[in-house]
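Remarks on the structure that follows.
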Amino acid sequence: MRSAARRRTLGALAGTALIAAVIQIPASAGTATAPDKHSARSGAPSAFSAAEDDDYYKDADGKTGEELKKALHGIISKNVKTLSYDDVWDALKETDKDPDKAGNVILLYSGKSESADNSGGGADQWNREHVWAKSHGDFGTSQGPGTDVHHLRPANVKVNSIRNNKDFDEGGEEVEGAPGNRTDEDSFEPRDEVKGDVARMILYMDVRYEGDDEFPDLEANDQVDNGSKPNIGKLSVLKKWSEEDPPDKFEKNRNQVIFDKFQHNRNPFIDHPEWVADIYK
C-alpha cells in the first residue's frame with residue numbers, strides 16, 4: 001500500500017535528520033553554484049500531506065498501466081476551475097514567483113529571475129509559454145488545454161519564439177540567451193534543471209485531455225516533428241528526463257499553488273513520479 005511505504009520513507013527521513021543533528025552537519029555543506037530558486041518562502045501553501053494524498057488518489061490505488069492512467073484522468077479532471085487566458089498572467093505571477101526576490105518570476109528555460117510586471121511581447125519581456133505547444137492539437141488559447149496552468153510557464157519572449165512548437169528531444173545548438181538549452185530544426189532540449197519539469201508537464205497533458213470533451217485526445221509519442229497532430233514527443237526521452245530530474249521544491253510548491261489557489265487539481269507525476277514508469281512502459 002502507498003501509505004505503508006510512505007510511513008517507512010518518513011521514518012527513514014526522520015532518522016536521517018536525527019543523525020544530521022547529532023553530528024552537527026554544517027548548514028553550508030555543499031557547493032552552491034547559483035541562488036537557490038527552490039528555497040522556502042513564508043506564506044507558501046502547506047505541503048500536501050500523506051493523508052490528503054491517500055484521499056485524493058484513492059481511486060488510483062493498486063492500479064497500473066492503462067487502468068492507472070484512466071483513474072488519474074478521472075481524478076484530475078474532477079471539479080476543475082478553468083481559467084481565462086487573461087487569468088493566466090496573474091496565475092503565473094503566483095505559481096512561478098521567485099522565492100528569493102519578491103515581485104519576480106523565474107523564467108522556465110533561461111532560469112532568470114525577471115520582474116513579474118515585465119510581461120508582454122517585447123524581446124526582453126516574458127510571456128506565457130505553452131509547454132505542450134498549442135498548435136499540437138490546434139487548441140489555441142481556448143479555456144481548457146489552452147489555459148491549463150499546469151503546462152503554462154513564464155518564458156523569455158525571444159527564447160519562447162526559438163522553441164516555437166518544436167517537440168522535445170536532445171541535441172542541437174545552444175540557444176542564445178538561455179545557456180544549457182539546445183535546439184535544432186525539429187526539436188528543443190531544455191536545460192538540465194527543468195528537464196523533468198517539462199516531461200511531467202507533457203505527461204500531465206497526456207493524461208488530463210483524453211478526447212472525452214470538446215478538446216482533442218492529446219497523446220505523447222516517440223516521434224518529433226509532429227506538426228499539428230495532437231501529439232508531442234519524444235516519449236522515451238521524456239521518461240528519461242523525468243527519472244534524471246525528479247521533482248524539487250519549486251515544482252512541488254507550484255503544484256500546490258495551482259491546487260490551492262487556481263485550478264484545484266494536481267499534476268500526479270509531481271506527487272508520484274514513479275507513476276511515469278507505471279503508465280509509460
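We're numbering straight along the sequence, starting at 1. When reading the values below, keep in mind they use all heavy atoms of this one structure, side chains included, and skip hydrogens, waters and symmetry mates. Note that the structure is a prediction, hence the values are computed from the model and not measured.
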Taking atom [atom1] of [X] as the centre, report whether more than 12 heavy atoms of other residues, nucleotides or ligands fall under 6.0 Å from it.
X: Asn79; atom1: CG; result: no
X: Lys93; atom1: NZ; result: yes
X: Glu243; atom1: CD; result: no

Looking only at heavy atoms, which two atoms of [X] and [Y] are closest? And how far apart?
X: Gly233; Y: Asn226; answer: N-ND2, 3.6 Å
X: Pro216; Y: Pro230; answer: CB-CB, 4.1 Å
X: Gly120; Y: Asn127; answer: O-CB, 3.6 Å
X: Pro190; Y: Trp241; answer: CD-CH2, 3.4 Å
X: Thr64; Y: Asp278; answer: OG1-O, 3.3 Å
X: Glu251; Y: Gly196; answer: OE2-O, 4.4 Å

In Å, rounded to the nearest 0.5 Å, how long is the span from [atom1] of [X] to [atom2] of [Y]?
X: Ile279; Y: Lys70; atom1: CD1; atom2: NZ; result: 13.5 Å
X: Ile202; Y: Asn231; atom1: CD1; atom2: CG; result: 11.0 Å
X: Asp197; Y: Ile270; atom1: CG; atom2: CD1; result: 7.5 Å
X: Leu68; Y: Asp59; atom1: CG; atom2: CG; result: 11.5 Å
X: Glu66; Y: Lys281; atom1: CD; atom2: NZ; result: 10.0 Å
X: Ile106; Y: Lys97; atom1: CD1; atom2: NZ; result: 12.0 Å

* Listed partners of Asp124 passing side-chain contact (heavy atoms from CB on, under 4.5 Å), at least two apart -> none
* List for me each residue that meets side-chain contact (heavy atoms from CB on, under 4.5 Å) alongside Asp192, sequence neighbours excluded, and say none if there are none. =>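 Expected list: Lys195.
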* Non-neighbouring partners of Arg208 that pass salt bridge (charged side-chain N to carboxylate O under 4.0 Å, His left out), sequence neighbours left out -> none
* Quick one: salt bridge (charged side-chain N to carboxylate O under 4.0 Å, His left out) partners of Lys112, sequence neighbours excluded? ->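 Once residues adjacent in sequence are excluded, Lys112 has no partner under the salt bridge (charged side-chain N to carboxylate O under 4.0 Å, His left out) criterion.
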Test of understanding: with ring pair (Phe, Tyr, Trp, His ring centres under 6.0 Å), list the residues that count as partners of [X], not counting sequence neighbours.
X: Tyr209; result: none
X: Tyr109; result: Phe188
X: Tyr204; result: His150
X: Phe259; result: Phe48, Tyr56

Do [X] and [Y] come within less than 4.5 Å of each other through their side chains, counting heavy atoms only?
X: Arg191; Y: Leu108; result: no
X: Asp138; Y: Ser228; result: no
X: Leu92; Y: Val105; result: no
X: Val207; Y: Ile76; result: yes

* Which pairs pass ring-ring contact (aromatic ring centres under 6.0 Å, His included) with one or both residues in residues 71-94, sequence neighbours excluded? -> Tyr85-His130, Trp89-Trp126
Which pairs would a plain distance check flag for residues 171-178, meaning a side-chain donor or acceptor within less than 3.5 Å of a matching protein atom at least two apart in sequence or in another chain?
unit_1	atom_1	unit_2	atom_2	d
Glu174	OE2	Gly180	N	3.0

I'd like to know if the side chain of [X] reaches the main chain of [Y], judged simply by a donor and an acceptor atom lying under 3.5 Å from each other, with no hydrogens or angles considered.
X: Ser242; Y: Pro246; value: no
X: Lys166; Y: Val224; value: no
X: Gln263; Y: Val149; value: yes
X: Asp169; Y: Lys234; value: no
X: Asn221; Y: Gln223; value: yes
X: Trp132; Y: His136; value: yes

* Test side-chain hydrogen bond (donor to acceptor under 3.5 Å, both in side chains) on Ser135 and Asn165 and set out the steps. => CA-CA 7 Å; Ser135 63; Asn165 67 345; 3.0 Å; yes
* Using the side-chain contact (heavy atoms from CB on, under 4.5 Å) rule, take Leu238 and Phe168 through it: C-alpha gap first, then chi angles, then the decisive distance, then the call. => CA-CA 8 Å; Leu238 296 171; Phe168 293 102; 4.1 Å; yes
* Evaluation steps, side-chain contact (heavy atoms from CB on, under 4.5 Å), between Leu203 and Leu235 -> CA-CA 9 Å; Leu203 298 181; Leu235 180 57; 3.8 Å; yes
* Under 3.5 Å side-chain donor-acceptor pair for Asn104 and Ser113 ->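 Side chains of Asn104 and Ser113: pair found under 3.5 Å.
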* To do: Could you give me the CA-CA distance, side-chain angles and deciding distance for Asp53 and His272, then say whether side-chain contact (heavy atoms from CB on, under 4.5 Å) is met?
  => CA-CA 10 Å; Asp53 183 283; His272 292 275; 2.9 Å; yes
* Among Arg153, Arg163, Lys134, the one residue meeting salt bridge (charged side-chain N to carboxylate O under 4.0 Å, His left out) with Glu129 -> Arg163
* Asked: Hey, which of Arg266, Arg200, Lys252 is the one that makes salt bridge (charged side-chain N to carboxylate O under 4.0 Å, His left out) with Asp271?
  ->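 Going through the options one by one, the only one that passes is Arg266.
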* Only pairs at least two apart or in different chains count here, so list each salt bridge (Lys or Arg N to Asp or Glu O under 4.0 Å) that has a residue in residues 211-230. =>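 Listed once each, the pairs are Lys69-Glu219.
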* With sequence neighbours excluded, what pairs up with Thr147 under the side-chain hydrogen bond (donor to acceptor under 3.5 Å, both in side chains) test? -> none
